[in-house]
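So the structure is just underneath, and the comments pick up after that.
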Amino acid sequence: MRPNRLALVKSLLPKLALAIGAGDGGTPTPLKLSELFDAAPRNVWLEIGFGGGEHLVAQARANPNIGFIGCDPFFEGVGKLLSQIEAEGLSNIRIFPGDANRLITALPGVCLGKVFALFPDPWPKKRHHKRRLVNKGFLNSLARTMCDDATFHFSTDHDEYGRWVLRFLLEHQAFDWSARGPRDWRARPSDGIVTRYEQKALTAGRTCIYLQFQRRQRTQHRLENCSQLP
């Protein structure tokens, strides 16, 4: 890691990092999202595996009233993100430099308006499939934390992993796929940006898949938790 980024890991990260303690039986202590940001955000969005941070920073810049949580265990990416946060003076990003499942377990229910998982590691070898991010247990936890009508954005350039994720999402009762034609999964969302992983895939001539699923409503009326953070 470059010296300036390493310095930010030591000085800035402690101010932005989410600390998740362990309760009884090792269960993560629930987070209080309303206490995490300098000003109470209108909503909270989560990016899992933010890589170099370019998408997370662009979203935070475009949506200053939204609180963002970026989750990634790799400190090289954390250092890059911290550099951008400092350069742009962003105050609406918090970081969890650890496992996404632990973070999601610690989040309160019905609190996320959007979740992004953009080009995660596909773990292509069959013996490594258990390491893949998306599975039934992950979606169960994610469904608990997402607001009614919240959107889960997933993208990949790995065809088999795309089919894997699509199968799990279509089989899950909490999510709806609104796609009506090929363009709905072949075109990047209008508010998306090209990440370095996506650009690498496009340069290599690989086809990218963009999936968007909505959290089904739990009741006939929208729950209020998303505008009144716990």
Side-chain angles (χ1 to χ4, degrees), residues 1-22 28 31 33 35-39 41 44-107 112 114-125 128 131-134 153-158 161 188-189 191-206 208 210:
M1 188 180 296
R2 296 177 182 176
N4 63 322
R5 293 176 183 169
L6 184 58
L8 288 173
V9 167
K10 295 179 179 179
S11 63
L12 183 57
L13 182 59
K15 302 175 184 178
L16 304 181
L18 304 186
I20 300 177
L31 291 168
L33 298 188
E35 299 177 0
L36 298 182
F37 300 92
D38 297 337
V44 174
W45 297 358
L46 167 66
E47 181 166 350
I48 301 172
F50 53 75
E54 57 269 23
H55 176 267
L56 183 58
V57 166
Q59 290 286 353
R61 184 194 309 121
N63 300 278
N65 295 324
I66 301 295
F68 288 84
I69 299 176
C71 177
D72 201 306
F74 297 105
F75 269 80
E76 179 63 28
V78 171
K80 292 179 180 179
L81 174 61
L82 290 171
S83 295
Q84 296 173 79
I85 290 174
E86 182 187 50
E88 301 203 24
L90 298 172
S91 62
N92 58 335
I93 297 178
R94 296 296 179 266
I95 302 170
F96 182 68
D99 179 67
N101 288 294
R102 181 171 176 79
L103 170 63
I104 292 172
T105 301
L107 291 173
L112 298 176
K114 286 186 181 182
V115 179
F116 303 91
L118 309 180
F119 298 92
D121 194 329
W123 295 106
K125 295 182 180 180
H128 292 156
R131 301 181 185 179
R132 288 177 166 177
L133 173 67
V134 176
H153 297 259
F154 178 91
S155 56
T156 184
D157 62 324
H158 192 276
Y161 191 25
R188 186 185 316 108
D191 62 345
I193 68 163
V194 180
T195 67
R196 62 192 180 107
Y197 291 111
E198 180 181 0
Q199 186 58 60
K200 183 177 180 180
L202 294 173
T203 301
R206 295 191 292 272
C208 297
Y210 309 89

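By the 4.5 Å heavy-atom criterion applied to side chains, Ile95 and Leu82 are counted as neighbours. The closest side-chain heavy-atom distance from Thr156 to Cys208 is not below 4.5 Å. Put simply, the side chain of Ser155 does not reach to within 4.5 Å of the side chain of Glu198, judged on heavy atoms. Contact of the Phe96 side chain with the Pro73 side chain is not registered, since no non-hydrogen atoms from C-beta on lie closer than 4.5 Å.
Summarising the geometry of Ile20 relative to Leu103, their closest heavy-atom pair is CD1-CA, 3.9 Å, with the distance given to 0.1 Å. Between Leu118 and His153, the closest heavy-atom pair is CD2-O, 4.2 Å. When all heavy atoms of Ala100 and Cys71 are compared, the pair lying nearest together is CA-SG, 3.5 Å. Pro41 approaches Gly67 most closely through the heavy-atom pair CB-N, 3.3 Å. Nearest heavy atoms, Leu56 versus Gly70: CD2-CA, 3.7 Å. Contact between Phe154 and Pro120 at its shortest, heavy atoms only, is CE1-CG, 3.5 Å.
Residues passing the side chain to side chain donor-acceptor pair (under 3.5 Å) test with Asn101: none are found, sequence neighbours excluded. Partners of Glu47 by salt bridge (charged side-chain N to carboxylate O under 4.0 Å, His left out), not counting sequence neighbours: none found. Among residues two or more places apart in sequence or in another chain, the side chain to side chain donor-acceptor pair (under 3.5 Å) test is passed with Arg206 by Asp157.
Note: Ile69 CD1 to Asn92 CG = 11.5 Å, rounded to the nearest 0.5 Å. Atom CD of Glu86 and atom CG of Leu16 lie 10.5 Å apart (nearest 0.5 Å). How far CG of Leu46 is from CG of Leu107: 7.0 Å, rounded to the nearest 0.5 Å. The structure places CZ of Arg94 at 8.0 Å from CG of Leu18, a figure rounded to the nearest 0.5 Å. Expressed to the nearest 0.5 Å, how far CD1 of Ile104 lies from CG of Leu31 amounts to 12.0 Å. Going from atom CD1 of Ile66 over to atom CZ of Phe37 covers 9.5 Å, rounded to the nearest 0.5 Å.
Side-chain contact check for Gln199 and Thr195: no donor-acceptor pair (N or O, by modelled atom type) lies under 3.5 Å. For the residue pair Glu54 and Tyr197, no side-chain donor N or O sits within less than 3.5 Å of a side-chain acceptor on the partner.
For the side-chain hydrogen bond (donor to acceptor under 3.5 Å, both in side chains) condition, no pair includes a residue of residues 8-17, sequence neighbours left out. Legend: ring pair (Phe, Tyr, Trp, His ring centres under 6.0 Å) pairs involving residues 49-68, not counting sequence neighbours, sorted by first then second residue: Trp45-Phe68, His55-Phe116. For residues 61-81, the pairs satisfying side-chain hydrogen bond (donor to acceptor under 3.5 Å, both in side chains) are Arg5-Glu76, Gln59-Asn63, Arg61-Glu88, with sequence neighbours left out.
Between the side chain of His158 and the main chain of Tyr161, a donor-acceptor pair closer than 3.5 Å is present.
Trp123 carries Arg131 over the face of its six-membered ring, with the cationic atom under 6.0 Å from the centre and within 45° of the normal.
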